[in-house]
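Please read the structure below before turning to the comments.
Below, chain A is the first sequence line, B the second, and so on; all start at residue 1.
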Amino acid sequence: MESLKKNADFKNCYQNGKSYVNRHLVMYVCGNGKDGNRFGISVSKKVGNSVVRHRTTRLIREAVRLHETEFLPGHDIVFVARVRAKEIGYFRMENALLHLIKKAGIRK
RNA sequence: UAAGCAGGGCGGGUGAUCGCGGUCCGGAGCAUUCCGGACUGAGGAAAGUCCGGGCUUCACAGGGCAGGAUGCCGGAUAACGUCCGGUGGAGGUGACUCCCAGGCCAGUGCAACAGAAAUAUACCGCCAGCGGCGCACGCAGGUGUGCCGCGGGUAAGGGUGAAAAGGCAGUGUAAGAGACUACCGUCUUCAUGGUAACAUGGAGAGCCAUGUAAACCCCAUCCGAAGCAAGACCGAAACGAGGACCAUGGGCUUGCCCGGCCCGUUCUCAGGUGGGUCGCUGGAGGCUGUCGGUAACGGCAGUCCAAGAUAGAUGAUCAUCCAAGACAGAACCCGGCUUACAGCCCUGCUUAUUUU
RNA sequence: GCGAUAGUAGUACAGUUGGUAGUACGCCACCUUGCCAAGGUGGAGGUCGCGAGUUCGAGCCUCGUCUAUCGCU
């Protein structure tokens, strides 16, 4: 999967995209005018120490990887972990993610 | 067996499926990239960033001042505020542990409250002398005693305080006082042992004097600055400089021509942005043996190569075993310190109890 | 990666040569008023972020540690 790298890409998504929220995640979506999707993951220092943040990032990335084909193409999507996200395992993270993309209407 | 002390080690394992970073090999491809295979992929603290060094760039004739750091002695080391071994002090029955442990007779500052007095004094007290008044004895001179006053001698005793001009016992005295004596302490000096810190012993000084230097300061030693986002190299586009080209194509200067300027095409150069490559992991390296050293550590020989990401790679699911998995994620590299940490194992030693 | 600053009452802040921790607002009680506000009087409230050390004695000095905020690249 292709990832968002530049700070400007994230800023663009925050300002021009639409946001969807649930208990564990925040998702920002905006169009990018390309064939595929690009994903960004953001976990702030408030969530925990380095080990906790890395684990949270990996859970989100794994969930995105396994469900990448279910996304409608042509979007930049940023996932932001909320503080409660550090307490959950993979399956609840997966459910949270699927819930959000269904809510946003970008699931096939 | 119980309690404890010191040192060292480990820090979940195995398998299956899907997935990620790196190196090498093979194939496709030849700017890039894709496919397959093999190997490999976080720590004891990777952490805090508290010290020290390597490396890189900049600065620099030499010296001093300022500023900072360290501080018993000897050794180890590339270096250190680290480590090792001693000395002194403190704690523990003990194994053993802990200590920023130089200098307030170079100078300056501070010591609230209480207390008479805080670095110098005399409040109460003690003591004799002189003067006055009273009482007792006495014929009287006078003697004894009490109170008051005067100028003196004292620092034993009193209470305050964290701390009151060595302690304690005796001699001595009007009362006292290192005034004198013994012991202990302090200081000076000599001898012996030790590389030294220092220890032990002898002799002397009657003892001019508190604490605080994690107060200023003094003394000795050390220190140029910044950091891999350091730095080196390659270099799109756009901008800039110079040259060449022109069917003289367009515009401006103009009534027109010449001339000049800008745009155009192309070449060279400079700076070095987006980006890329290097720095980047073979090193004060690990392990084993041996030799020197009490040890820290060092010498020699053999053997091994063990992450290198660049918005940042180790994950997910399932099965299974057990003691049910704590603290926690490399970002140029090393040596330390400090802090966090579920639990497990090994070695040596101490104390107590019991048995032989 | 490299640094800097701060932490004191519920809140915002003082606190100098180290010597009994204070100010304002807020809080509580009383007075005033028919009632409320304003005003007046009195009172409570602090492990000085935490742990060691130096000192006779630390909010203050030293070391370690935690949290928050900010800066440079």
Side-chain angles (χ1 to χ4, degrees):
Chain A
M1 73 184 175
E2 198 175 350
S3 66
L4 290 174
K5 296 190 195 306
K6 290 289 171 189
N7 192 27
D9 295 337
F10 281 84
K11 279 240 168 74
N12 176 53
C13 208
Y14 293 146
Q15 288 180 5
N16 302 325
K18 300 193 69 178
S19 68
Y20 304 92
V21 185
N22 68 9
R23 196 177 174 80
H24 304 295
L25 290 173
V26 182
M27 183 174 76
Y28 293 85
V29 181
C30 71
N32 64 356
K34 295 182 180 175
D35 295 336
N37 287 321
R38 295 192 298 170
F39 296 93
I41 301 169
S42 171
V43 183
S44 96
K45 239 178 183 176
K46 277 184 243 170
V47 175
N49 62 24
S50 178
V51 172
V52 172
R53 294 201 306 273
H54 262 96
R55 175 165 168 79
T56 309
T57 309
R58 285 161 182 161
L59 287 176
I60 296 172
R61 189 185 294 138
E62 182 71 9
V64 169
R65 184 180 74 81
L66 293 175
H67 297 284
E68 196 179 358
T69 54
E70 299 175 28
F71 286 80
L72 289 172
H75 298 96
D76 281 352
I77 301 168
V78 175
F79 292 100
V80 180
R82 307 186 76 187
V83 173
R84 312 185 83 127
K86 67 183 175 186
E87 294 158 357
I88 63 174
Y90 171 74
F91 287 113
R92 295 188 65 188
M93 180 64 80
E94 189 178 34
N95 286 336
L97 189 131
L98 291 173
H99 170 250
L100 278 181
I101 63 174
K102 192 175 177 185
K103 198 173 173 185
I106 55 172
R107 191 173 181 181
K108 278 182 184 169

side-chain hydrogen bond (donor to acceptor under 3.5 Å, both in side chains) contacts in which one or both residues fall within residues 20-31 of chain A, not counting sequence neighbours |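 Checked against side-chain hydrogen bond (donor to acceptor under 3.5 Å, both in side chains) - neighbours excluded - the pairs reaching residues 20-31 of chain A are A:Asn22-A:His99.
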Where does B:G283 land, syn or anti, once you apply the within-90°-of-0 test for syn?
->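 Base orientation: anti.
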Restricting to pairs with a member in residues 70-82 of chain A, which pass salt bridge (charged side-chain N to carboxylate O under 4.0 Å, His left out), not counting sequence neighbours?
->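 Only A:Arg38-A:Asp76, A:Glu70-A:Arg107 qualify under salt bridge (charged side-chain N to carboxylate O under 4.0 Å, His left out).
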Nucleotides 313-315 of chain B: which of its N/O atoms have a protein N/O under 3.5 Å away?
unit_1 : atom_1 : unit_2  : atom_2 : d
B:A313 : OP2    : A:His54 : NE2    : 3.1
B:U314 : OP2    : A:Arg58 : NE     : 3.1
B:U314 : OP2    : A:Arg58 : NH2    : 3.2
B:G315 : N2     : A:Glu62 : OE2    : 3.3

For [N], the Watson-Crick or wobble counterpart (both distances under 3.5 Å):
N      : value
B:C349 : B:G4
B:C300 : B:G289
B:C150 : B:G129
B:C34  : B:G27
B:G102 : B:C218
B:A330 : none
B:U49  : none
B:A197 : none

Mind checking side-chain hydrogen bond (donor to acceptor under 3.5 Å, both in side chains) for A:Asn16 and listing every partner two or more places apart, or none if nothing turns up?
->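 Checked A:Asn16 against side-chain hydrogen bond (donor to acceptor under 3.5 Å, both in side chains); matches are A:Asn12.
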Sequence neighbours excluded, which residues qualify as side-chain hydrogen bond (donor to acceptor under 3.5 Å, both in side chains) partners of A:Tyr90?
->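 Scan of A:Tyr90 (side-chain hydrogen bond (donor to acceptor under 3.5 Å, both in side chains), adjacent residues dropped) gives A:Glu94.
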Toward the 5' end of RNA chain B, which comes first, A:Val51 or A:Phe91, by nearest nucleotide?
->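 It is A:Phe91, whose closest nucleotide lies nearer the 5' terminus.
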Counting only N and O atoms by type, is there a donor-acceptor contact under 3.5 Å from the side chain of A:Lys103 to the main-chain atoms of A:Val21?
->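 Yes, because the side chain of A:Lys103 sits within donor-acceptor range (under 3.5 Å) of the backbone of A:Val21.
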Pairing residues for A:Glu62 by the salt bridge (Lys or Arg N to Asp or Glu O under 4.0 Å) criterion, not counting sequence neighbours =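 If we apply the salt bridge (Lys or Arg N to Asp or Glu O under 4.0 Å) test to A:Glu62, skipping adjacent residues, the hits are A:Arg65.
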Kindly express the pairing pattern of RNA chain C in dot-bracket notation, using | wherever a base pairs with another strand and counting only Watson-Crick or G-U pairs under 3.5 Å.
-> (((((((..((((.....[..)))).(((((.......))))).....(((((..]....)))))))))))).
